[in-house]
Amino acid sequence: MRLPLRWAVPGIVTIASACSDATDPALTGPPNTLRFDEATRTVRQGEVTRFSIAAFDGNGQAIAPTALSWRVEPAGAGAVPQGNGFVGYQPGAARVMMGWGTLADTLELTIRERAVPSGTLALVGRGFQIGPWTTDLWVTGQYAYTGSFTRGPWPGNRLFVWDVSAPESPQRLTPVQVDAAVVNDVKVRADGRVAVLTHEGSTDGRNGITLLDLQDPAAPTRIGRYVEGLSFGVHNAWYDGDYLYLA
């Protein structure tokens, strides 16, 4: 009897195939056949979509190949970060190409705009950051701050500053640069005078936090960096009065 089976493979995709028994597919070995196991589909902008693929070796045995390559067209329409699933960035038609060696397959997608219920929120404007991925966001007054995550040749070593006084046209100002591969989190103290950004992947191994003076919120200046006991890096931070809590 042929049983439809599905396996979740951490760090790659969801593998869908069929075989004659309930034995899990091998996680290694070169595939002889590789294809998307689904038809054209519609995905929602900004959400993670995990694909089903079918992969078999030369004997017809279902396998889960590692080190798949991915490409998205048009460039900037979306990404498959670290093989964990597709994220659509721009509404419209897109193609996701999967490959292993000389094998390849393409999936046609439609990315629909991320809508909100009528009468609750209305899209006013967008600010675009080309290069590193965006991590956290914090808005205070007429300014917004966003973190960054290394993407290809673009390092995640900057806190980006945005003027949102005209929300229909956010303007990016001069960023704050630190020694990091990821600026994970940014929080502003309740009085609006001090901000904290958390970072990982420093070249000198001194991960931790950097405090910023927001006397001029359009041009934050560094107060200092704290790293003691934080060598593994800091992900989140929370302000509570004069205390700062880190995870």
Side-chain angles (χ1 to χ4, degrees), residues 10-12 45-48 66-90 94 96-97 126-140 143-164 170-189 194-214 216-239 244 246-247:
I12 310 176
Q45 179 187 21
E47 292 189 353
V48 177
T66 58
L68 294 174
S69 62
W70 299 91
R71 189 167 82 253
V72 179
E73 293 182 352
V80 185
Q82 301 176 359
N84 289 327
F86 173 77
V87 181
Y89 295 155
Q90 299 176 6
V96 178
M97 283 148 281
R126 284 193 173 105
F128 291 98
Q129 169 56 47
I130 304 300
W133 283 307
T134 298
T135 54
D136 201 35
L137 163 72
W138 193 268
V139 182
T140 178
Y143 297 92
Y145 306 101
T146 57
S148 58
F149 192 111
T150 295
R151 175 191 177 201
W154 299 284
N157 62 352
R158 285 168 289 174
L159 176 76
F160 291 98
V161 182
W162 302 82
D163 182 343
V164 293
Q171 300 298 311
R172 196 183 68 187
L173 306 178
T174 302
V176 177
Q177 184 170 320
V178 295
D179 181 3
V182 185
V183 173
N184 270 320
D185 198 13
V186 53
K187 293 290 195 304
V188 176
R189 201 170 64 184
V194 180
V196 60
L197 62 86
T198 71
H199 42 78
E200 297 179 12
S202 300
T203 59
D204 60 4
R206 302 175 73 240
N207 300 302
I209 63 172
T210 294
L211 294 172
L212 303 174
D213 186 337
L214 298 184
D216 179 1
T221 57
R222 282 183 287 270
I223 297 172
R225 181 183 182 194
Y226 187 85
V227 300
E228 185 177 350
L230 303 176
S231 61
F232 288 103
V234 179
H235 193 85
N236 285 96
W238 295 265
Y239 264 117
L244 189 60
L246 308 176

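In this chain, residues are counted from 1 in sequence order.
Between Val194 and Leu211, the shortest heavy-atom contact is CG1-CD2, 4.5 Å. The nearest pair of heavy atoms linking Val72 to Ala77 is CG1-CB, 4.3 Å. Across all non-hydrogen atoms, the minimal contact from Asp185 to Ala237 is OD2-N, 2.8 Å. Between Arg206 and His199, the closest heavy-atom pair is O-CE1, 4.2 Å. For Pro175 against Phe160, the heavy-atom pair with the smallest separation is CB-CD2, 3.9 Å. Here the closest non-hydrogen pair linking Val48 and Gly85 is CG1-CA, 4.1 Å.
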Derivation of the side-chain contact (heavy atoms from CB on, under 4.5 Å) call for Val176 and Val183: CA-CA 11 Å; Val176 177; Val183 173; over 6 Å; no

Stepwise side-chain contact (heavy atoms from CB on, under 4.5 Å) check, Leu214 with Arg189: CA-CA 10 Å; Leu214 298 184; Arg189 201 170 64 184; over 6 Å; no

Candidate pair Tyr226 and Leu244, rule side-chain contact (heavy atoms from CB on, under 4.5 Å), full reasoning: CA-CA 12 Å; Tyr226 187 85; Leu244 189 60; over 6 Å; no

Audit row: Tyr145, Leu212, side-chain contact (heavy atoms from CB on, under 4.5 Å) steps and yes/no: CA-CA 12 Å; Tyr145 306 101; Leu212 303 174; over 6 Å; no

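Contact annotation: the side chain of Phe149 never approaches that of Pro132 to less than 4.5 Å [non-hydrogen atoms, C-beta and beyond].
Within the model, atoms CZ of Arg151 and OG1 of Thr134 stand 10.0 Å from one another, a figure rounded to the nearest 0.5 Å. Taken from CG in Asp136 to OG1 in Thr146, the straight-line distance is 9.0 Å, to the nearest 0.5 Å. Here the straight-line distance linking atom CD of Gln171 with atom CH2 of Trp162 works out to 9.0 Å at 0.5 Å rounding.
Between the side chains of Ser202 and Asp179, not a single donor N or O lies within less than 3.5 Å of an accepting N or O.
A search for side chain to side chain contact (heavy atoms under 4.5 Å, CB included) contacts involving Ala218 returns Tyr143, Leu173, Asp216, not counting sequence neighbours. With sequence neighbours excluded, no residue forms a salt bridge (charged side-chain N to carboxylate O under 4.0 Å, His left out) with Arg172.
Remark: side-chain polar atoms of Asn207 are not paired, donor with acceptor, to backbone N or O of Phe232 under 3.5 angstrom. With hydrogens and angles ignored, the 3.5 Å screen pairs no side-chain donor or acceptor of Ser148 with any backbone N or O of Trp133. Of the possible donor and acceptor atoms, none in the side chain of Asn184 sits under 3.5 Å from a partner among the backbone N and O of Thr135.
Partner Thr198 forms a side chain to side chain contact (heavy atoms under 4.5 Å, CB included) with one of Ile209, Thr210, Asn236 and no other, that one being Ile209. Between Pro220 and the choices Leu197, Val161, Val186, the side chain to side chain contact (heavy atoms under 4.5 Å, CB included) rule is met once, by Val161.
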